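To start, the structure under review is shown below, and the notes come after it.
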Amino acid sequence: MLPELDPVLHQHLRLAIMSLLLARQEASFSWLMEQTGATKGNLSIQLKNLEEAGYLRTDKQGAGAQSRTTCFLTSEGIDAFERYFEALKAYFPGSGNPTAS
């Protein structure tokens, strides 16, 4: 039986956000928006979902047009991403996983 994939991470934009943050440790909202091509609204919603899951935290400095939001992965987020990646390997035949056929 194949392992269940984390539904929080198994959404393409959330997975992209997590992947980008793993490579950088932290990133600004505007940089994530540029890299993913997401709208402000969609990115905000997906960041909120990841934050509610405990996978990242955000730090907002300033107010209004001068505000800057920075996103950081949490250790829980890193662990969740690693578990997701390991579970995903089982979906590929020949991956060396005994459940793969």
Side-chain angles (χ1 to χ4, degrees):
M1 183 169 169
L2 293 171
E4 184 176 343
L5 298 175
D6 184 334
V8 174
L9 296 178
H10 198 64
Q11 191 274 349
H12 74 282
L13 182 52
R14 290 190 296 259
L15 187 58
I17 292 165
M18 294 292 289
S19 298
L20 290 165
L21 286 172
L22 274 170
R24 292 180 58 110
Q25 307 304 315
E26 68 179 66
S28 70
F29 182 93
S30 58
W31 186 83
L32 287 170
M33 195 169 69
E34 179 183 305
Q35 294 301 306
T36 62
T39 63
K40 286 182 183 180
N42 194 9
L43 184 58
S44 293
I45 289 168
Q46 302 313 327
L47 290 174
K48 182 180 177 186
N49 289 333
L50 289 166
E51 193 165 25
E52 287 175 351
Y55 294 173
L56 63 79
R57 68 177 178 82
T58 57
D59 179 39
K60 187 170 185 177
Q61 301 288 322
Q66 299 301 318
S67 69
R68 176 178 166 85
T69 300
T70 305
C71 304
F72 304 87
L73 281 182
T74 63
S75 58
E76 186 177 340
I78 293 168
D79 291 345
F81 190 89
E82 289 172 352
R83 285 190 306 271
Y84 178 86
F85 187 74
E86 286 303 313
L88 190 60
K89 287 180 184 179
Y91 286 75
F92 296 93
S95 67
N97 187 312
T99 61
S101 51

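The analysis underlying the following values was restricted to heavy atoms, covering all of them including side chains, and did not include hydrogens, waters or symmetry mates. These numbers come from a predicted model, not from an experiment.
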Could you please spell out the steps behind the side-chain hydrogen bond (donor to acceptor under 3.5 Å, both in side chains) verdict for Tyr55 and Asp79?
CA-CA 9 Å; Tyr55 294 173; Asp79 291 345; over 6 Å; no

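Within the model, atoms CD of Gln11 and CD1 of Ile45 stand 10.5 Å from one another, a figure rounded to the nearest 0.5 Å. Taken to the nearest 0.5 Å, the CG atom of Leu32 stands 6.5 Å off from the CG atom of Leu47. For the atom pair Leu50 CG and Leu9 CG, the distance stands at 7.0 Å (nearest 0.5 Å).
Partners of Thr58 according to the side chain to side chain contact (heavy atoms under 4.5 Å, CB included) rule, which considers only residues two or more places apart in sequence or in another chain, are Glu51, Leu56, Thr69, Cys71. Evaluation of the ring-ring contact (aromatic ring centres under 6.0 Å, His included) rule for Phe81 yields no partner, not counting sequence neighbours. Under the side chain to side chain contact (heavy atoms under 4.5 Å, CB included) criterion, Glu52 pairs with Lys48, Asn49, sequence neighbours left out. Every side chain to side chain donor-acceptor pair (under 3.5 Å) that Ser30 has, sequence neighbours left out, goes to Ser28.
In terms of modelled atom types and a separation under 3.5 Å, the side chain of Ser67 and the main chain of Gly62 share no donor-acceptor contact.
Nearest heavy-atom pair, Leu2 versus Ala90, reported as atom, atom and distance to 0.1 Å: CD2-O, 3.2 Å. Heavy-atom minimum distance, Ala87 versus Pro3: O-CG, 3.6 Å. Here the closest non-hydrogen pair linking Glu26 and Phe72 is OE1-CE2, 3.2 Å.
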Solution key, residues 14-23 side-chain donor-acceptor pairs under 3.5 Å, sequence neighbours excluded:
unit_1	atom_1	unit_2	atom_2	d
Arg14	NE	Val8	O	2.5
Arg14	NH1	Gln46	OE1	2.6
Arg14	NH2	Pro7	O	3.4
Ser19	OG	Leu15	O	2.9

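Lys40 is listed as a side-chain neighbour of Met33, based on a closest heavy-atom distance under 4.5 Å.
Pairs engaging residues 5-41 under the ring-ring contact (aromatic ring centres under 6.0 Å, His included) rule: His10-Tyr84 [sequence neighbours left out].
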